[in-house]
Every structure is written in structure tokens, then in C-alpha cells.
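Atoms within a ligand are numbered from 1 in the order they appear, just like the ligands themselves. The figures that follow rest on heavy atoms only: side chains count, while hydrogens, waters and symmetry mates do not.
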Amino acid sequence: MADVSLRDIYKSFGQNEVIHGISCDIHDGEFIVILGPSGCGKSTVLRMIAGLEVISKGDIAIDGRVVNQLEPADRDIAMVFQNYALYPHMTVFKNMAYGLKIRRMPKAEIEKRVQRAAEILELTEFLDRKPRQLSGGQRQRVAMGRCIVREPKVFLFDEPLSNLDAKLRVQMRLELRNLHETLGITSVYVTHDQVEAMTLGDRLIIMENGYVEQIGSPLEVYEEPATLFVAGFIGSPAMNFFEARTSRDGQSIKLSGTESLPIHPQLEQGFCDKAVVLGIRPEHFNLAQEDGGALQMQVDHLETLGADTLVHGKLGEDNTLFTLRLPDIQRYPKGSSLSLSVSPERLHLFNKESEKRIGA
Ligand SMILES: Nc1ncnc2c1ncn2[C@@H]1O[C@H](COP(=O)(O)OP(=O)(O)O)[C@@H](O)[C@H]1O
Ligand SMILES: [Mg+2]
């Protein structure tokens, strides 16, 4: 068990700086997910923690000890990759035991650790099988087993589920979370999949272009996204964005061609009478009685998903395209008009220039 501390980490490949100063204190036993689009630098950060990439600037400490100069093998970490290659000619037992054997661990201890890992992963009855005699999910569990037997201080995962089909991914996600609850080993998990991140992580580090956009619990990043990027990245369908203007008294906001919407709480002076970006999640519109809502939507088309319906349409003078999500099956003809309201605390305001969140 260990805490991991990233202290203003930079990474350049030649002249090209790809990580521009990342700091985060990962607590002992925490499950941290690094989330961001492809190419934003997630794997590079993970590989620096593992010792597979040299850190250009900054320090990484495990349990308070700076490990920048330590070889990967001396860092007491275990890493699971997307392409977890098992040895095809070895049994499940031998695949799991191999890493311990080359470390010259006594046979009895190896036996004990593999048996225990197999039990946790429900692989006991497959210990004599070869990888090709296993399902995809079982193979993934063997790859996990290889890491568990080492009893590392820290687990690192780099998109370990992205080669599995959708159903298996959901199942493995639950298994990973259960496993974490059983073992309690500090884990850093990289993914571009926001659902995976939201369901697995105690906290998320959301990255874009080599910068950290926000660090927070799944609920925090959903309820109070710190930047426009995070707001658009977390949540599916994505948050809607509108050009809008705050009122002089800082108590409401207006899209051109709609009525004002009260905001909460009142804005500071600096943000009054200003053009801002207004964000509203598809799931946060309410249907108003008659024409009582502040927003009148022109319906374009519907996607009926069964449990809920996505309604796509236009709003305001600018005919901004947006989506709302309503429970159950809804039927509205194209061109019909819906009157909508939104609770003040569901409105997200962003500075147009800095793209940072305004207010709470
Ligand atoms: N060995 C390398 N040499 C040069 N550039 C690299 C190398 N590894 C990664 N990069 C670059 O660093 C950036 C981040 O890559 P990576 O960490 O793999 O992103 P992610 O894992 O988020 O998809 C990308 O622009 C990538 O091209
Ligand atoms: Mg990657």
C-alpha cells in the first residue's frame, strides 16, 4: 500500500513538450482514473509513474520517496496493458507464477500466492488450462492475476478493457471495482471512456493536450465541471452550449430570442452584463405547462431509446441546435413547439475567453 505523488511533472520527446506540468496527490488505497481523449498524454503519465519513460522535469514520489531514478523493477508497481500478452504454451498457473519464479521466490510462497489470486479471481478450476482454452474475460483475469501475485504497492492500468466487447467490458469493470475493494491497492487507471472513468474512479484526473483540466470525484466533475472541455467531455449525450448574456444585476441570463432565466447564486460584479457560454445538460430540461417555460423549442427529430427519448431541436433567435432527454417514450411531430424550463442550479456558466467555470 502506498500513496503516489506527482509534483509538477513535465515530459518532452525531443523538442516536443507533451506533458505541461501535472500535479496530484494520490492517496493510499485510492482508485484514480486518468481520463482524456486519445493523444492527450495519459499513457505518458502512467509510463512515467512506472519508470518506463524518463521524467523531463518534476518529481514522482511513492510513499514519500522520490523514485525518478529508480528502475521500473525497483518501484514495486505492477502494470496491466491493453494488450496483455499471456504465454500461450504455459498453463494459467505458470502464467501467473512466472514473474515470481524469475524473481527466485521460494516455491511454496509462489504456490500460496497463485492459489490465493486464483481464488479471488475465480480462476481456481482453470489453473491447468492453457490461455487458448479460456474466454476473453478469463484471460483478462489471468493478466490481472499475474499482477496480484506480486503484491505490489501500486497497480497501473492502461486501457485494459478496450479490446473486449461491450458486454464483457461492463462485466470486467464491475470485477475490477470489486477487486479493488477486496485488495485496497492504490491504483492508477487510464481510459478515454468516460463511463468507465465515472464508474471506476474514486477521483478522476481529466486531461486535455497535456494539461490537467480538473481533478475531482465523478460527481464533482459532473455537477461542477471546471472548464468547457470537461463540461463537454463528461456526460452522454453531451452538455448543450448556448451563446448567452448575463443581466446587469447578475441575477439572470438570457439567450437571444428567449426569456431570461434566473441564475443561482447571484454573480459577482465582474461577470454581470457579459457574453458567456451557457451549458445545460440534456437531462436537466423540464417540460413546462402550456407556454409557461422560458425556453421555446422547435422539434427537429426524435431518437426513441425505450427508457428515454432524445429530442433534437432548435432554440432562440440563433436557432442553436440542442438536445434534451425526456423519460419514457415521447412522440412529438417535427416542427412542434415545446415549452421548457430549467432549475437555476442546473445552469452552468463559462467565461468565453478563458473557458473556465463562472461561479459555483
Ligand atoms: N515515444 C514517443 N516519441 C514521441 N512522441 C510520443 C512518444 N510517445 C507518445 N508521444 C506523443 O505524446 C503525446 C501523448 O501520447 P500518449 O501519452 O500516448 O497519449 P494517450 O495515451 O492519451 O493517447 C502524443 O502526441 C504522442 O504522439
Ligand atoms: Mg494511451
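- Taking CD1 of I234 as the start and CZ of R281 as the end, the distance is 8.0 Å to the nearest 0.5 Å.
- To the nearest 0.5 angstrom, Q194 atom CD is 10.5 Å from Y222 atom OH.
- Inclusion of F13 in the set of residues having an N or O under 3.5 Å from an N or O of ligand 1 is not warranted.
- With a heavy-atom cut-off of 4.0 Å, V18 touches ligand 1 through its side chain alone.
- Checking atom 3 (N) of ligand 1 against the protein gives a heavy-atom contact under 4.0 Å.
- Taking every heavy atom of T44 and a limit of under 4.0 angstrom, the matching atoms of ligand 1 come to 14 (C), 15 (O), 16 (P), 17 (O).
- Around the CD atom of E181, the shell of radius 6.0 Å holds more than 12 heavy atoms that belong to other residues, nucleotides or ligands.
- Across G210, G39, S43, S12, heavy-atom proximity to atom 14 (C) of ligand 1 is greatest for G39.
- Counting protein heavy atoms under 4.0 angstrom from atom 26 (C) of ligand 1 gives zero.
- The aromatic rings of F155 and F157 lie tilted to each other, with the angle between the two planes from 30° to 60°.
- Here the CD1-SG distance, from I60 to C24, works out to 11.5 Å after rounding to the nearest 0.5 Å.
- For the Mg ion (ligand 2), the N/O/S atoms of S38 include none lying under 2.8 Å.
- For the atom pair M172 CE and L200 CG, the distance stands at 10.5 Å (nearest 0.5 Å).
- Annotation for ligand 1: atoms under 4.0 Å from non-hydrogen atoms of G41 are 14 (C), 16 (P), 17 (O), 19 (O), 20 (P), 22 (O).
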